[in-house]
Amino acid sequence: MDPAPVGTRRQRAGEASPATDAAGTGAPAGAWGVAVGLRDHWAGEVTGDLVGRPVHLAGWVDTVRRHGEHLVFVDLRDRSGLVQCVLDTGTELRSEYVVAVSGTVRRRPAGTENERLATGAVEVAVDAVDVLSEAAPPPFPVRGAVEADEVTRLTYRYVDLRRERLQRNLRLRARVVSALRQAMEQQGFTEVETPLLWTPTPEGAREFAVPSRLQRGSFYVLPQSPQIAKQLLMVAGVDRYFQIARCLRDEDLRADRQFEFTQLDVEASFVTQDEVLGFVSEAVRQAAVAATGTAAPPIERLTWSEALDRYGTDKPDLRFGMPLVDLSGIFAGTSVGALSAPVVKAICLEGGAGLGRSRLDGLVARAKALGARGLAWFRVLAAETDERDAGAERTGAGGAHADGAGPGASRRLDSPLARHLSGPETAGILEATGASVGDLVLVVADEHQLACSVLGQLRLDLGRPPVGNGPPRYVWVVDFPLFEGRDEEGRLVAAHHPFTMPHPEDLELLATAPERVRSQSYDLVLNGWELGSGSIRIHRADIQERVFDALGIPPAEAAERFGFLTGAFRYGAPPHGGFAVGVDRLVAILAGEENIREVIAFPKTQSGGDPMTGAPKPLAARALAELGLAGRVRRPDTAGTGED
RNA sequence: GGACCUGUGGUGCAGCUAGGAGUGCACGCCGGCCUGUCAAGCCGGAGGUCGCGGGUUCAAAUCCCGUCAGGUCCGCCA
């Protein structure tokens, strides 16, 4: 017997990096551990060097190919892959039966090898089969790439998880989490667990409430993040903290949002912003290497205002171009009403001149739905070739000519607006956008924020590649503003959270022009997904008071809501800052998945349900009474009349 | 709170624009044949409230209204 094939295989493969195995199971070679119990080998590792050896295998029946009573092929599957077993007696094996087999490995007869299978050179001549469990036909195929309806998949999640895709994702996730943990430990961080039963912090995301049985009428909440706890750990002198932390937010679900999600939560004392970014960069880099086996690219850096100006968003997808171009100067004194606005911005869609009128109307509608006053479009056509230009005459649109200063032939603009443009305006559009014949220029004239965000969204609509496509582009977005807009009562709203340290150069603006104050906060963005965010925190009472003041939070209210944090700061708070990385999103992108459900073992539907368990469910009256909630039940027949 | 897409034997689709008997394809399932297959093959068979409710019509999977479920997005996510 060979009790420890793992080490020898790893050595033979000579792989320093965790490249995936030949069976395509998504696991590092030799990662299955020692086979024990009913098995002494893994199905996916039955290869040529075992020829002549007896093996015991256990797993699921993948396929049965029956050639009469005396020749039956059974593919036996376990997490490591499959191997063909040959039986010479008729048996009652069916797909997904759970079996243990014993037999002898032998080379397949010449000409019957299967090159698509890692174990395809050999087969197991079976002398005993033990059916451990019979199985009903699965509700959807376990093998293959066809996806069943979402409810069906979630109702039978244990079957769905048996499939190759999710098995691979679960293992990739485990490797990523392990790499993150190792990277943080290597950098001197201490893993600390923080409470799940926390206290309400009325600000930020909606929280899940947990009724207290011992103190009826009072509630814990589940933490939307360990933010305050980790700052208290800094006051406690932990100095470098991290946690693979579950966070819970009672907000509407999306492709990249579940109620509960996992963060790599990090906080460190006596550090600069760049040092925090360095710690996180190293962790993410190691995670990417663990997941893909290839080196992650360096993380780029943009300021928040650069990101907004060039990509119309604070989470730019840098995998493709189509940057926003500023035309405000060109249209500063325009006579065209539709283009008269504080800010005029444009994007250029390569080859977009061929879009038909209905398609363009759709874009205009989309822009309006996003809040813009309107959307101007200009087809870029070759000058003096009107008759051959698609749609130019049919739409009855006027054409404005300009001798292109840019590359290629002279160009003109085709658009209902084109004949209203002055010569310099036409030339300005062509020059600023660098548009070529056949392109489409889209222009939004509006307030700065709106013009940017609308074009940023259109840029994504028109140009964004699928999630896993192309080399990943990591980018730090830094210098976020401290505040973003105002609430209904005209009070400033914290962009990150109220403990974020203002940029040192902008401290004086707090009282005079708070909207212009930058903060020491930063986001990590991967392929247009916000992977996480962080900041340097305020540790000085005087600065904190000035920020609370700017936020319109009176001292008494601040003490009531955050007293246990500011109180702790009185006893010696080190300067500190941190970050949190969204693990589900990171894993999803590394796995090439569009939805984080595919990297979570038991996710919920968009309406927050679990079709498998039926959760959420009503609680029995007795349970409600014990929690002090009985009086608050709203029965359908009394809805709207009960107390609220 | 809102917008859009989807819902047809166990699974994935087509059928709907232009109403005419539950019509079709692939997989799976059940049975038979079959000693080298590997998504085995060949033959036969079973399996359906066309998500649900209402309306229009001589007639509805198909058109209309409502509703439920799933998905994508806006709002929301300090």
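Computed from a prediction, not measured in an experiment: that's the story for all the values here. In what follows, chains carry the letters A, B, and so on, assigned in the order in which the sequence lines appear, proteins first and then strands, with residues in each chain numbered from 1.
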Query raised in the report: Quick one: ring pair (Phe, Tyr, Trp, His ring centres under 6.0 Å) partners of A/Trp198, sequence neighbours excluded?
Result: none

Query raised in the report: Does A/His67 stack onto the base of B/G36, taking stacking as ring centres under 5.5 Å apart and planes under 30° apart?
Result: no

Requested in this report: Under 4.0 Å between any heavy atoms, over every strand shown, what does A/Arg106 touch: base, sugar-phosphate, or nothing? Just pick one.
Outcome: base

Requested in this report: Taking side-chain contact (heavy atoms from CB on, under 4.5 Å) as the test, write out the residues that go with A/Glu147, two or more places apart.
Outcome: A/Arg153, A/Arg163, A/Arg165

Query raised in the report: Under 3.5 Å, is there an N or O donor on one side and an acceptor on the other linking the side chain of A/Arg108 and the base of B/U37?
Result: yes

Requested in this report: Only counting residues at least two apart or in another chain, list the ones meeting ring pair (Phe, Tyr, Trp, His ring centres under 6.0 Å) with A/Phe562.
Outcome: A/Phe499, A/Phe548

Shorter than 3.5 Å, N or O on both sides, protein versus nucleotides 45-47 of chain B: list them out with atom names.
none

Query - A/Asp127: side-chain contact (heavy atoms from CB on, under 4.5 Å) partners, not counting sequence neighbours - result: A/Ser102, A/Thr104

Requested in this report: Could you work out the separation of B/U8 and B/G51 based on their P atoms and round it to a whole Å?
Outcome: 6 Å

Query raised in the report: Between A/Phe208 and A/Phe259, is the ring centre distance below 6.0 Å?
Result: yes

Query raised in the report: Where along residues 248-263 of chain A does a heavy atom fall under 4.0 Å from RNA chain B?
Result: A/Arg249, A/Glu251, A/Asp252, A/Arg254, A/Ala255, A/Arg257

Requested in this report: Provide the Watson-Crick or G-U wobble partner of B/U62, both distances under 3.5 Å; none if there is no partner.
Outcome: none

Using nucleotides 3-10 of chain B, report all nitrogen or oxygen pairs with the protein that are shorter than 3.5 Å.
{"unit_1": "B/G10", "atom_1": "O2'", "unit_2": "A/Pro139", "atom_2": "O", "d": "2.8"}

Query raised in the report: If you look only at pairs with a residue in residues 552-565 of chain A, which of them pass as a salt bridge (charged side-chain N to carboxylate O under 4.0 Å, His left out), with sequence neighbours excluded?
Result: A/Glu203-A/Arg561, A/Glu557-A/Arg561

Requested in this report: Name the pairing partner of B/A26, where a pair is Watson-Crick or G-U wobble with both distances under 3.5 Å, or state none.
Outcome: B/U11

Query raised in the report: In chain order, what residues pass the side-chain contact (heavy atoms from CB on, under 4.5 Å) check against A/Ala495, with sequence neighbours excluded?
Result: A/Glu484

Query - Check: A/Asp479 main-chain N/O paired with A/Gln520 side-chain donor or acceptor under 3.5 Å - result: no

Query raised in the report: Is a donor-acceptor contact shorter than 3.5 angstrom present between the side chain of A/Glu69 and the base of B/U35?
Result: no

Query raised in the report: With A/Arg162, which residues qualify under side-chain hydrogen bond (donor to acceptor under 3.5 Å, both in side chains), at least two apart?
Result: A/Glu96

**Report entry** Donor/acceptor link under 3.5 angstrom from A/Glu123 side chain onto base of B/G36
**Finding:** yes

Show which side-chain atoms of residues 361-369 of chain A pair as donor or acceptor with protein atoms under 3.5 Å away, not counting sequence neighbours.
{"unit_1": "A/Arg366", "atom_1": "NE", "unit_2": "A/Asp461", "atom_2": "OD2", "d": "2.7"}
{"unit_1": "A/Arg366", "atom_1": "NH2", "unit_2": "A/Asp461", "atom_2": "OD1", "d": "3.4"}
{"unit_1": "A/Arg366", "atom_1": "NH2", "unit_2": "A/Asp461", "atom_2": "OD2", "d": "3.4"}

**Report entry** Qualifying residues under side-chain contact (heavy atoms from CB on, under 4.5 Å), relative to A/Arg319, sequence neighbours excluded
**Finding:** A/Asp317, A/Arg464, A/Pro465, A/Asn469, A/Arg473, A/Asn527

Report summary line: A/Arg116 has its side chain closest, among B/C38, B/A39, B/U35, to B/A39

Query raised in the report: Taking only side-chain nitrogens and oxygens of A/Ser95, does any of them come within less than 4.0 Å of OP1 or OP2 of B/G28?
Result: no

Query raised in the report: Would you say a side-chain N or O of A/Arg153 is under 4.0 Å from OP1 or OP2 of B/U11?
Result: no

Query raised in the report: Which is true for A/Glu113 with a 4.0 Å heavy-atom rule: it touches a base, it touches only sugar-phosphate, or it touches nothing?
Result: base

